[in-house]
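Following: one structure in structure tokens, then a few remarks.
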Amino acid sequence: MHLDVQDLRNFYYRSTLGRAAQAAIRGRLIELWPEAKGQTVAGFGFAVPLLRPYLADARRVIGLMPGPQGVMPWPAGMPNVSVLTEETFWPIETGHVDKLVVMHGLETSERPNQLLDECWRVLGPGGRAVFIVPNRGGLWSRTDKTPFGFGRPYSATQLENQLKAHHFLPEAHCSALYRPPSFRRFWLKSGSLIEKTGQRIPTVMAGGVLIVEVSKHIRPPSGSVTKDAVKKPIKALDGLLKPA
């Protein structure tokens, strides 16, 4: 089930560890998507902490928050762009999203297959989506002190297979949150160094979250193609058509 929006807000905006996690994940996202000028950017779940860099140049930014989680106004001090929505029925026209970020949405969903179908529907041709989920091999999924300790953690293979089954093509993947999920001062101070080290040697250190970028695979039309049969002239009329 989805976490409460107040708990998510308190973690990401009111705790030192949450702000550090926000910066680490957002840094990896910016590496994948440096800009979104003139594009429509949407986030589902609680992805709004990652969307701020796109507010200035994007044509439109939308923060979709599922009903069981609740909604909060965002961004602070600016016109609100967040909206409460049904988990599998978003108020967005088909194919209108250029960039989609899903965080704290897939692993906590009770209907992940329908959710992925909705992600596919709103993404436009040539659009990209990024899914951010807890890494089952990392430390962050093993404690409930952070939002990444809830829901279903994934391995990289499990996540990519599920995305492929819903007609997404994996394009890139990386990890974040190599620092321990600890509120102790020592780990908070050394967290930045640990994060940089983990990014250099990801095969040695397991990140707390998996980040997979995908593109939309356009499905071919279903059914079989039937060619029109060539009509042959009626033999009884041969004498009329070809007089002797």
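We use all heavy atoms of the structure for the numbers below, so side chains are in, but hydrogens, waters and symmetry mates are not.
- Counting heavy atoms from C-beta outward, T94 and V122 have side chains that stay 4.5 Å or more apart.
- In the model, Q22 has no side-chain atom that pairs as donor or acceptor with a side-chain atom of Y13 under 3.5 Å.
- The environment of H173 atom NE2 is sparse: at most 12 non-hydrogen atoms of other residues, nucleotides or ligands sit within 6.0 angstrom.
- Between the side chain of N135 and the main chain of G208, no donor-acceptor pair closer than 3.5 Å is present.
- Counted within 6.0 Å of CZ on R121, heavy atoms from surrounding residues, nucleotides or ligands total more than 12; the atom is thus considered enclosed.
- The stretch residues 50-71 participates, sequence neighbours left out, in these side-chain hydrogen bond (donor to acceptor under 3.5 Å, both in side chains) pairs: T40-R59.
- Side chains of H2 and E110: no donor on one and acceptor on the other come within 3.5 Å.
- Every pair passing salt bridge (charged side-chain N to carboxylate O under 4.0 Å, His left out) that includes a residue from residues 173-190 is listed here, sequence neighbours excluded: R179-E195.
- Between I211 and V130 there is a side-chain heavy-atom pair separated by less than 4.5 Å.
- Counting only residues at least two apart or in different chains, ring-ring contact (aromatic ring centres under 6.0 Å, His included) contacts with residues 127-153 comprise H104-F148, F131-F168.
- A donor-acceptor pair under 3.5 Å is absent between the side-chain atoms of R136 and the main chain of R142, judged by distance alone.
- Side-chain N or O atoms of S82 include one that pairs as donor or acceptor with a backbone N or O of M72 at under 3.5 Å.
- Here CG of L159 is found 7.0 Å from CG of L106. Values are rounded to the nearest 0.5 Å.
- Put simply, the side chain of K145 never gets that close to the backbone of P181: no donor and acceptor are under 3.5 Å apart.
- Distance alone, capped at 3.5 Å, places no donor-acceptor pair between the K99 side chain and the V41 backbone.
- Side-chain polar atoms of S215 and E171 form a donor-acceptor pair below 3.5 angstrom.
- Taking the charged nitrogens against the carboxylate oxygens, R152 and E107 have no contact shorter than 4.0 Å, which rules out a salt bridge.
- Residue pairs satisfying the salt bridge (charged side-chain N to carboxylate O under 4.0 Å, His left out) criterion with at least one member in residues 24-33, sequence neighbours excluded, are listed as follows: R28-E31.
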*Carefully, step by step, assess L169 and K164 under the rule side-chain contact (heavy atoms from CB on, under 4.5 Å).*
CA-CA 6 Å; L169 298 178; K164 289 177 182 177; 5.9 Å; no
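- Residue pairs that meet the ring-ring contact (aromatic ring centres under 6.0 Å, His included) test with at least one member in residues 62-92, sequence neighbours left out, are F44-W90.
- Scanning for side chain to side chain contact (heavy atoms under 4.5 Å, CB included) contacts around Q6 gives D4, R9, with sequence neighbours left out.
- Exactly one residue among L8, T85, V83, V48 makes a side-chain contact (heavy atoms from CB on, under 4.5 Å) with M65. That residue is V48.
- Checked by atom type and distance alone, the side chain of E86 never pairs as donor or acceptor with a backbone atom of T88 at under 3.5 Å.
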